*Asks:* 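Take this structure, written in structure tokens, and hold onto it; I'll ask about it next.
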Amino acid sequence: MSSSLYIHIPFCVAKCSYCAFNSFSGLERLQERYVDAVVVECGKIASRGQKKPLETVFVGGGTPSLLSSGQLQRLFGAISNDFEITADAEISLEANPGTVNKAKFETLQQCGVNRLSIGVQSFNDKELHAIGRIHSAEEARQAIENAQTAGFSNLSIDLMSGLPGQTAKSWQQNLETALSMSVQHLSLYQLTVEEKTPLESMIEKGRIQLPDEDMIAEMDAITMSLLEQSDFTQYEISNYARKGYQCRHNVNYWRNADYYGIGAGAVSCSHGNRIRNIDSPERYCELLEADQPVQAEKECLEREESFRETVIMGLRMNQGVSTKDLQERYGLDFEQVYGKIVEQLCAQNLLERNNENYFLTVKGRAFANLVMAELV
Ligand code: SF4
């Protein structure tokens, strides 16, 4: 049974040019109804019976920090009323600069949130403007400082490399600024151009250019060098933490363990079966108001399919996957399932075995997509 809960809040002030998430701007009028609907779905999920108390709760989006203080109080009130939660549970919320102030952070503290993931993306105004973020670098700094003043001592910030106009030097400055801000966790993503986004169309029309491969390689080298000199440790392809500050919610996800998903477009996972709610926030509200189910699709994975998925996701983490755990969970032997592929990946220095664990080497992490394609 799940010990993790994800709640999706699909509202944003404006849509960033690269964003393909299930998020919408201009739907402020729906926020109140949406929170009501989420409260109803919390009750429905909890009423099915909870075998394990929640160890992690993650409110993501979209921009959950866009909710008013009253809406946040109702949301977290429902979570704590409906679910049993462990005393040391990790309760995370995604917050975007430009939607938070001191009072909002104080509300979040009172709601029991003990971890914030702040969507900084860049500390450079030109880079922020190029991807359509609503905030300035100064607002991002201010958001981090305000969160710390409000008492948050488990802060993560997201940064993106490979942004239009970004240079190796400005990426280095971004990282140095992040490392100077006394945060506990860093998520470092490379910009990906998603289909049908304004970013894709701007690139196709030649209006903007992304850094070339050599520049990206230089940025990656800077990341490795600066992080190695810091007290952050990489624990997943894109994630770094000070000791004791790995994101427990995401580790549960990368282990392909069960979790509840509540909200529009949210996914629940149970015993390898995945249920996805409908994407439209408006329809989600209508269905819950009419006491109708909100599930849009259900995917039931075969045993070996689920095994392979667990391997792919687990290899994202530096500790890799345990052949013993896989055997216990699926009754399948890692080396028998993959046969010669594993030998070849090890011979190419992309994959390595240490006792019962297989994990990606440094080279393997750089070519992770190729390795995963072999193992999927
Ligand atoms: S803030 Fe996040 S979810 Fe919202 S549009 Fe930007 S990238 Fe998408």
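First listed ligand is number 1; within each ligand, the first listed atom is number 1. Model, not experiment: these values are computed from the prediction. Along the sequence shown, residues are numbered consecutively beginning with 1.
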*Asks:* Phe83: which residues meet the ring pair (Phe, Tyr, Trp, His ring centres under 6.0 Å) condition with it, sequence neighbours left out?
*Replies:* Tyr260
*Asks:* Under the 3.5 angstrom rule, does the side chain of Thr323 hit a backbone N or O of Glu356 as a donor-acceptor pair?
*Replies:* yes
*Asks:* Of all heavy-atom pairs between Pro211 and Gln166, which one has the smallest distance, and what is that distance?
*Replies:* CG-O, 3.6 Å
*Asks:* Kindly indicate, with the supporting measurements, whether the criterion side chain to side chain donor-acceptor pair (under 3.5 Å) is fulfilled by Arg133 and Tyr18.
*Replies:* CA-CA 10 Å; Arg133 299 291 295 183; Tyr18 58 91; 3.0 Å; yes
*Asks:* Measuring only between side-chain heavy atoms, which start at C-beta, is Leu155 closer than 4.5 Å to Ile118?
*Replies:* yes
*Asks:* Give the protein residues with at least one non-hydrogen atom closer than 4.0 Å to an atom of ligand 1, ordered by chain and number.
*Replies:* Cys12, Ala14, Lys15, Cys16, Tyr18, Cys19, Phe21, Ser23, Gly62, Thr63, Asn96, Arg133
*Asks:* Could you state whether Tyr245 and Phe58 fall into the same hydrophobic cluster, counting links through intermediate Ile, Leu, Val, Met, Phe, Trp or Tyr residues with side-chain heavy atoms under 4.5 angstrom apart?
*Replies:* no
